[in-house]
Amino acid sequence: MPELPEVEVVRAGLAPAVTGALVTGVTVFDERSLRRHGAPGADFVGRLVGRTFAAPERRGKFIWIPIGDGEAVVVHLGMSGQVLLRPLGAEIDRLTRIRIDIHHPELGALRIDFVDQRIFGSMAIDELVAAVDVPGDLVPTQVEHIARDPMDPRFDDALFFAKLAKRNTGVKRALLDQTLISGVGNIYADEALWASRVHYDQPTASLSRPRAKTLLAEVRLVLGKALAEGGTSFDAQYLNVNGESGYFSHSLNAYGQQGEPCPRCGRPIVREQFMNRGSHFCPYCQRVRGAR
DNA sequence: CCGGACTCCTGGTTGC
DNA sequence: TGCAACCAGGAGTCCG
């Protein structure tokens, strides 16, 4: 699951190569990767060829590259998406779903390969609209409902705490709710909860303010650390635009560590099914606190 | 508002 | 050795 750090690594890697580049050709190998585009592949190709990319932007796990005329190419990696930057003549991966040929004024001809095994990811051309909170900021309509991520300077901590207190749900569910806080997925949710000693099903409304602050701080810490290390690569699926993997898997404390000793107390980490996915935590360090 | 179930999907792994 | 069942889960939708 590429989460904020992996997606940001992709955005940052894309930036120098695509900004100012002209789209010279587009090939759609699998139309299913255009699910969010809402029109056939020919429409996608026709509207993209001849356009010039501006600097790629990101919110949460969404990347978009403005192409002028109030439009942008929106990219979501889903579960298994990769965006690879390659020389024009490089070999094409079998799982490449979309290929975009570009010409950069300084770097020359390049190719962007959208590779996606599970096809939960997508590309789409979308209209840019004013952001709800800061009208000067433009976001694709598909991203309008996505909250700012905790690394965004405009992320509003007080607003987040207030919303959290009003929610009547478990804290992990809230962390994964992209309309409340974006960019966090299953891995970093488990890691941040472990670091702040909070149980995944702790009711949000019962979280004390100091605990909520600790949790948000740990979310930022774990995202920042992963970012510095180039993103997680625990199953080698997550690559930067150059096809290189990150190193964060070496420092996971809870995610995927079931049966291993908790790095804090030594008792075994447990994996439970929650929200149709695995939740990894230390049953000793992370207990539901404060009955009601 | 909330949560659960379901959908999209395929390749690596597991199990017989 | 071969094959089938199983598992991974981001995000949207629908329903009770």
Side-chain angles (χ1 to χ4, degrees), chain A residues 1-11 28-38 58-64 74-83 93-98 114-124 126 139-147 149 162-193 200-207 219 223 226 231-239 245 249 252 254-259 271-281 288:
Chain A
M1 323 88 261
E3 304 179 29
L4 187 151
E6 294 76 36
V7 178
E8 172 56 21
V9 165
V10 169
R11 187 208 63 78
V28 177
F29 296 107
D30 196 321
E31 298 242 347
R32 293 175 298 178
S33 290
L34 292 177
R35 188 175 303 117
R36 305 176 74 109
H37 179 60
R58 182 189 56 77
R59 179 181 288 199
K61 303 172 197 171
F62 286 83
I63 294 174
W64 66 91
V74 183
V75 184
H76 195 286
L77 301 177
M79 289 286 303
S80 54
Q82 301 168 355
V83 177
D93 190 294
R94 190 169 57 86
L95 299 174
T96 303
R97 312 298 184 187
I98 297 169
F114 182 67
V115 179
D116 189 9
Q117 181 206 115
R118 277 168 266 191
I119 322 187
F120 283 178
S122 62
M123 282 192 163
D126 194 13
V139 295
T141 64
Q142 294 180 7
V143 182
E144 252 189 306
H145 66 292
I146 302 293
D149 62 64
K163 283 182 175 175
L164 208 55
K166 277 187 214 151
R167 286 281 167 113
N168 190 16
T169 190
V171 66
K172 182 170 176 182
R173 200 178 289 277
L175 283 181
L176 294 179
D177 182 345
Q178 305 296 305
T179 67
L180 186 62
I181 179 171
S182 69
V184 182
N186 205 38
I187 299 178
Y188 298 113
D190 280 1
E191 289 299 309
L193 288 167
Y200 65 81
D201 213 12
Q202 177 81 38
T204 51
S206 74
L207 264 190
V219 166
L223 293 178
T232 292
S233 66
F234 79 104
D235 74 353
Q237 184 87 248
Y238 314 116
L239 306 177
S245 57
S249 56
L252 291 173
Y255 184 84
Q257 305 301 303
Q258 59 271 29
R271 179 182 195 274
E272 281 180 12
Q273 233 6 66
F274 178 69
M275 288 177 75
N276 259 329
R277 68 200 70 194
S279 265
H280 313 75
F281 68 108
V288 180

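Quick note on labels: first sequence line is chain A, next is B, and so on, each numbered from 1. Note that the structure is a prediction, hence the values are computed from the model and not measured. Hydrogens, waters and symmetry mates play no part in the numbers below; they use all other heavy atoms, side chains included.
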Is any side-chain N or O of Gln178(A) closer than 4.0 Å to OP1 or OP2 of dG10(C)? no

Short N-O contact, Glu8(A) and Arg58(A), less than 4.0 angstrom: yes

Backbone N or O of Ser182(A) within a donor-acceptor pair of the Asp149(A) side chain at under 3.5 Å? no

Between dA8(C) and Tyr255(A), is there an OP1 or OP2 to side-chain N/O distance shorter than 4.0 Å? no

May I have the distance from Arg36(A) (atom CZ) to dG10(C) (atom P), rounded to whole angstrom? 14 Å

Would Phe120(A) and Ser80(A) count as a side-chain contact (heavy atoms from CB on, under 4.5 Å) if you check the C-alpha gap in whole Å, the side-chain angles of each, and the deciding distance to 0.1 Å? CA-CA 7 Å; Phe120(A) 283 178; Ser80(A) 54; 5.8 Å; no

Which heavy atom in Ala174(A) sits nearest to a heavy atom in Ile181(A), and how many Å separate them? O-CG2, 3.9 Å

Do any side-chain nitrogens or oxygens of His76(A) fall under 4.0 Å of OP1 or OP2 in dG10(C)? no

Separation of Asn276(A) atom CG from dC6(C) atom P, in whole Å? 15 Å

Identify whether the distance between the nearest side-chain nitrogen and carboxylate oxygen of Arg167(A) and Asp177(A) falls below 4.0 Å. yes

Side-chain N,O (Thr169(A)) to OP1/OP2 (dG3(B)) below 4.0 Å: yes

Quick one: which of dG12(C), dG3(B), dG10(C) gets closest to the side chain of Asn186(A)? dG10(C)

When the ring planes of Tyr200(A) and Phe274(A) are compared, do they come out parallel, tilted or perpendicular, using 30° and 60° as the limits? tilted

Let's see if you can work this out: which of dA11(C), dG12(C), dA8(C) has an atom nearest to the side-chain heavy atoms of His145(A)? dG12(C)

Taking every non-hydrogen atom, the tightest pair across Tyr188(A) and Glu3(A): CD1-OE1, 2.7 Å

Quick one: Ile187(A) CD1 to dG10(C) P, roughly how many Å, whole number? 8 Å

Please list each protein N or O that sits under 3.5 Å from an N or O in nucleotides 8-10 of chain B, with the distance.
{"unit_1": "dC8(B)", "atom_1": "O3'", "unit_2": "Arg35(A)", "atom_2": "NH2", "d": "3.4"}
{"unit_1": "dC9(B)", "atom_1": "O4'", "unit_2": "Arg118(A)", "atom_2": "O", "d": "3.3"}
{"unit_1": "dC9(B)", "atom_1": "O3'", "unit_2": "Arg32(A)", "atom_2": "NH1", "d": "3.2"}
{"unit_1": "dT10(B)", "atom_1": "OP1", "unit_2": "Arg32(A)", "atom_2": "NH1", "d": "2.6"}
{"unit_1": "dT10(B)", "atom_1": "OP1", "unit_2": "Arg32(A)", "atom_2": "NH2", "d": "2.8"}
{"unit_1": "dT10(B)", "atom_1": "O4'", "unit_2": "Gln117(A)", "atom_2": "O", "d": "3.4"}
{"unit_1": "dT10(B)", "atom_1": "O2", "unit_2": "Gln117(A)", "atom_2": "OE1", "d": "3.2"}

By the 4.0 Å heavy-atom rule, please label Gly121(A) as base, sugar-phosphate, or nothing. nothing

Distance, rounded to the nearest Å, where Met275(A) contributes CE and dA8(C) contributes C1': 15 Å

Mind calculating the distance between CD (Gln82(A)) and P (dG11(B)) to the nearest angstrom? 13 Å

Atom CD1 of Ile119(A) and atom CZ of Arg97(A): how far apart are they, to the nearest 0.5 Å? 3.5 Å

Take the C1' atoms of the five end pairs on each side of the helix from dC2(B)-dG16(C) to dC16(B)-dG2(C), get both axes, and report the angle to 10 degrees. 50°

Whole-Å distance, Arg277(A) CZ to dT7(B) C1', equals 14 Å

Send over the distance from Lys163(A) NZ to dC1(B) C1', rounded to a whole Å. 14 Å

Separation of atom NZ in Lys172(A) from atom C1' in dG9(C), rounded to whole Å: 10 Å

For the atom pair CD1 (Ile146(A)) and CD (Gln178(A)), what is the distance rounded to the nearest 0.5 Å? 5.5 Å

